[in-house]
Amino acid sequence: MSNVRTAVVIGGGIAGPVVATALAKAGIEATVHEAYPADSDGIGGALALAPNGLAALGVIDADDVVRAIAVPIRRTAMTFGRGEPRALPGLRDVAPLQVVERGDLHRVLRQRALEAGVRFAYGKRLVGADDGPGGVTARFADGSSADADVLIGADGVRSTVRTLIDPDAPGPDFTGLLGFGGHADVDLDLEPGTMTFAYGSRAYYLYWPQPGGGIAWGANLPSRTYMTLSEARAIPAEKWLRTLRETYAGDVPGGRLAERTVPETLQVVGALHIMPPVPHWHRGRMVLVGDAVHAPSNSTGQGASLAIESAIELARCLRDLPDPSSAFAAYERLRRTRVEKIAARGRKVNSTKTPGPVARRAMSVLMPLAFKAMNIEKSMGWEQRHTIDWDAPVAETVG
C-alpha cells in the first residue's frame with residue numbers, strides 16, 4: 001500500500017485536472033495550482049481526442065461529458081492544392097475522433113475534478129521546490145507555499161518542474177509552424193463528421209463541417225520566427241488574416257476559408273512545439289506528466305490523449321506502490337516507449353508540412369500511393385485501441 005496521501009499538482013490545463021481527479025479516486029488528496037490568475041478557458045484552439053484518450057477519460061467518468069461538447073469525426077480525407085479530396089483508410093470498430101475546443105475541455109475537466117473533491121488555487125506561479133525525505137514544499141511567486149507527499153508537474157512544454165528535476169533538461173523544439181484556428185461562414189456541402197487534411201500550394205491546413213453550420217478550420221503557417229502565444233496575439237487578428245489569405249490564395253477550399261473568416265472568430269495559437277525525449281521524468285518526490293514530459297507534434301492527433309493516459313497511469317502507480325520512488329519508476333516504464341514512438345511518428349509527419357516546391361509536387365503522387373499500401377491496423381491500431389485497466393494492480397517490475 002502506498003504511503004502517499006497528498007499531492008501538489010502544478011498546472012490546470014488538461015493533465016493537471018485529470019491526474020488530480022484520478023488521485024482522488026485512488027484516495028489521495030490533490031490540489032491543483034495554476035499560474036494564471038483565473039480560469040484559462042480562452043487559451044488555445046480546437047484539439048482532437050483519439051479513441052484511446054476518451055477511453056482513459058472513462059476511468060474518471062469524464063468521457064460522456066466530453067463527447068457532449070465535441071464534434072465526432074468518423075471519416076478523414078486528404079487533398080493537394082486544387083485536387084479533389086481522397087478518402088483515407090480508417091480503423092474498423094473504433095470510436096470516432098472527437099474534436100473539442102480547448103477552453104471547453106478545460107472547463108469540463110475542471111468541473112469533474114471539483115466534483116471529485118479536488119481543490120484549485122489560481123495565481124500560483126511555481127518558482128521553486130524543497131524536496132526532502134519527509135515531503136516536498138512548493139514555493140510560489142506570491143510568497144505562499146504548499147506541502148505534500150509528492151509534487152506533480154503538469155505545467156506544459158515550458159515546465160518549471162522539469163527544470164527543477166533536471167536543470168539540463170531539454171526544452172521544446174519549435175516545429176517551424178505557427179498555429180491558427182477559425183470559423184468560416186461558408187457551405188462546402190461536406191458530409192458531416194468528415195475531416196480533410198489539405199496540402200495547399202504554400203501551407204498545410206485542415207477543415208471540418210460544424211453541426212451548427214459553417215466550417216471550422218486550422219492552419220499551420222510556416223514561420224522562421226518563433227512566437228509565443230502572447231507575442232502572436234499581440235499582432236492584430238486583421239493582420240494575421242491578411243497573411244493567411246495571401247498564403248492560401250488559389251487553394252481550394254483554403255482560399256475561400258481564409259476569405260470568409262472574420263477577425264472575431266480567428267484563434268491565434270502561436271508556435272507549435274514538439275518535445276524531444278526527456279532523460280529524467282522524476283527525481284525524489286517530483287515527477288512530470290503530460291506536455292511537460294512528452295508533447296508530440298499536433299500532427300499525431302495524440303497530444304491530449306497521451307497526456308490523459310499518463311495522468312491515469314501515474315495515479316495508478318501512486319495508488320499501488322509503496323513509495324514515490326517505486327511509483328515514479330513504474331510509471332515511466334509503463335509510458336516512455338509508447339509516447340516516444342508516437343512522438344517519432346509526429347516528427348515524420350511534420351516534415352511533410354513544410355516541403356520545398358519539388359517535394360510538394362512529388363507528395364501529391366506518392367502520398368496517396370503510400371496510404372493505399374499502408375496496413376492501417378498495424379500502423380495505427382496499437383495507438384487508438386490502447387486502454388488502461390484501472391482496477392488491475394501495478395507491480396513494481398512492470399514490463
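For reference, positions follow the sequence shown, starting with 1.
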request  = Consider only side-chain heavy atoms of I, L, V, M, F, W and Y, link residues closer than 4.5 Å, and tell whether Met78 and Val99 are in one cluster.
outcome  = yes
ask   = Say you draw a straight line from OG of Ser310 to CD1 of Ile388; how long is it, rounded to the nearest 0.5 Å?
value = 8.0 Å
query = Has the side chain of Arg75 got a donor or acceptor atom that lies under 3.5 Å from a matching backbone atom of Pro192?
reply = yes
request  = Could you pull out the closest heavy-atom pair between Val118 and Ala30, with the gap in Å?
outcome  = CG1-O, 3.7 Å
task = Give a yes or no on whether Arg125 atom CZ has more than 12 heavy-atom contacts from other residues, nucleotides or ligands under 6.0 Å away.
result = no
key: Taking every non-hydrogen atom, the tightest pair across Arg338 and Glu383   = NH2-O, 2.8 Å
message = Using modelled atom types and a 3.5 Å cut-off, is there a donor and acceptor pairing between side-chain atoms of Arg245 and backbone atoms of Ala258?
response = yes
query = Linking I/L/V/M/F/W/Y whenever their side-chain heavy atoms sit closer than 4.5 Å, directly or via other members, would Leu257 and Val262 fall into one cluster?
reply = no
key: From Ser159 atom OG to Leu164 atom CG, the distance as rounded to the nearest 0.5 Å   = 8.0 Å
ask   = Ala232 and Val268: which non-hydrogen atoms are nearest, and at how many Å?
value = CB-CG1, 3.5 Å
request  = Begin with the C-alpha distance, continue with both residues' side-chain angles, and end with the deciding distance and a verdict on side chain to side chain contact (heavy atoms under 4.5 Å, CB included) for Trp382 and Ile342.
outcome  = CA-CA 10 Å; Trp382 70 276; Ile342 292 173; 3.5 Å; yes
ask   = Between Arg283 (side chain) and Ile165 (backbone), is there a donor-acceptor pair under 3.5 Å?
value = yes
Residues forming a side chain to side chain contact (heavy atoms under 4.5 Å, CB included) with Thr337, sequence neighbours excluded = none
query = Ala307 and Val289: which non-hydrogen atoms are nearest, and at how many Å?
reply = O-CG2, 4.4 Å
query = Using 30° and 60° as the class limits, which term best fits the ring planes of Trp281 and His294: parallel, tilted or perpendicular?
reply = tilted
query = Under the ring-ring contact (aromatic ring centres under 6.0 Å, His included) test, which residues partner Tyr248, sequence neighbours left out?
reply = Tyr205, Trp217
key: Partners passing ring-ring contact (aromatic ring centres under 6.0 Å, His included) against Tyr226 (at least two apart in sequence or in another chain)   = Phe174, His273
remark   = CG (Leu272) and CG (Asn220) are apart, to the nearest 0.5 Å, by 5.5 Å
ask   = How long is the span from the OG atom in Ser297 to the CG atom in Asp173, to the nearest 0.5 Å?
value = 11.0 Å
ask   = With no hydrogens and no angle check, is any side-chain donor or acceptor of Arg260 less than 3.5 Å from a backbone partner on Asp185?
value = yes
note = Minimal heavy-atom distance between Val394 and Cys317, with the atoms involved, is CG1-SG, 3.9 Å
key: Side-chain heavy atoms of Arg347 within contact of Pro276, under 4.5 Å   = yes
request  = Not counting sequence neighbours, which residues clear ring-ring contact (aromatic ring centres under 6.0 Å, His included) with Trp390? List them please.
outcome  = none
Ala392: side chain to side chain contact (heavy atoms under 4.5 Å, CB included) partners, not counting sequence neighbours = Arg316, Asp389
Test item: Thr300 side-chain N/O and Gly346 main-chain N/O as donor-acceptor pair under 3.5 Å = no
request  = From the options Phe80, Tyr199, Phe180, select the one residue that forms a ring-ring contact (aromatic ring centres under 6.0 Å, His included) with Tyr204.
outcome  = Tyr199
Less than 3.5 Å apart, which donor and acceptor atoms pair up between the side chains of residues 49-68 and the rest of the protein, not counting sequence neighbours?
residue: Asn52; atom: OD1; partner: Gln302; partner atom: NE2; Å: 3.0
residue: Asn52; atom: ND2; partner: Gln302; partner atom: OE1; Å: 2.9
residue: Asn52; atom: ND2; partner: Glu309; partner atom: OE2; Å: 2.8
residue: Asp63; atom: OD2; partner: Arg67; partner atom: NH1; Å: 3.3
residue: Asp64; atom: OD1; partner: Arg67; partner atom: NH1; Å: 3.1

task = Please answer whether the main-chain N or O of Leu318 pairs with a side-chain N or O of Ser2 as donor and acceptor at a distance below 3.5 Å.
result = yes
inquiry  = Main chain of Gly212, side chain of Gln210: is a donor-acceptor contact present, judged purely on distance under 3.5 Å?
reply    = no
inquiry  = Are Leu288 and Ile308 connected into the same hydrophobic cluster when the rule is that any two of I, L, V, M, F, W, Y join if their side-chain heavy atoms are below 4.5 Å apart?
reply    = no
query = Do NZ/NE/NH1/NH2 and the carboxylate oxygens of Glu115 and Arg112 come within less than 4.0 Å?
reply = yes
Side-chain donor/acceptor pairs under 3.5 Å, residues 6-22, sequence neighbours excluded:
residue: Thr6; atom: OG1; partner: Asp149; partner atom: N; Å: 2.9
residue: Thr6; atom: OG1; partner: Asp149; partner atom: OD2; Å: 3.4
residue: Thr21; atom: OG1; partner: Pro17; partner atom: O; Å: 2.7

query = Under 4.5 Å between side-chain heavy atoms, hopping through other hydrophobics if needed: is there a path connecting Leu97 to Val108?
reply = no
query = By side chain to side chain donor-acceptor pair (under 3.5 Å), which residues pair with Arg385, not counting sequence neighbours?
reply = Glu377
ask   = Passes side chain to side chain contact (heavy atoms under 4.5 Å, CB included), Val100 versus Leu47? Steps please.
value = CA-CA 6 Å; Val100 61; Leu47 58 81; 3.7 Å; yes
key: Pairs satisfying salt bridge (Lys or Arg N to Asp or Glu O under 4.0 Å), at least one member in residues 155-165, at least two apart   = none
task = Output, in order, the C-alpha distance, side-chain angles, deciding distance and verdict of side chain to side chain donor-acceptor pair (under 3.5 Å) for Arg202 and Thr247.
result = CA-CA 6 Å; Arg202 299 177 185 85; Thr247 300; over 6 Å; no
ask   = So Met380 and Arg345, side chain to side chain contact (heavy atoms under 4.5 Å, CB included) or not? Walk me through it.
value = CA-CA 11 Å; Met380 300 297 293; Arg345 176 174 71 79; 3.9 Å; yes
request  = State, yes or no, whether a side-chain contact exists between Pro296 and Val339 at a heavy-atom distance under 4.5 Å.
outcome  = no
message = side chain to side chain contact (heavy atoms under 4.5 Å, CB included), that's the test. Do Arg119 and Glu29 meet it? Break it down for me.
response = CA-CA 9 Å; Arg119 291 176 295 167; Glu29 179 184 335; 2.7 Å; yes
query = How many angstroms lie between atom NE2 of His106 and atom OH of Tyr36, to the nearest 0.5 angstrom?
reply = 9.5 Å
message = I'd like to know if Ile312 and Leu23 are part of one continuous hydrophobic network [Ile/Leu/Val/Met/Phe/Trp/Tyr, side-chain heavy atoms within less than 4.5 Å].
response = no
request  = Find the distance between NE2 (His280) and CD (Glu332) and round it off to the nearest 0.5 Å.
outcome  = 9.5 Å
query = Which pair of heavy atoms, one from Pro170 and one from Pro279, lies closest together, and at what distance?
reply = CD-CD, 3.6 Å
request  = Taking side chain to side chain contact (heavy atoms under 4.5 Å, CB included) as the test, write out the residues that go with Pro324, two or more places apart.
outcome  = Asn3, Val4, Val150, Arg285, Phe328
task = Please identify each residue that fulfils ring-ring contact (aromatic ring centres under 6.0 Å, His included) with Phe140, with sequence neighbours left out.
result = His33
remark   = Residues passing the side chain to side chain contact (heavy atoms under 4.5 Å, CB included) test with Ala249, sequence neighbours excluded, are none
query = Are Arg139 and Asp130 close enough that some pair of their side-chain heavy atoms sits under 4.5 Å apart?
reply = yes
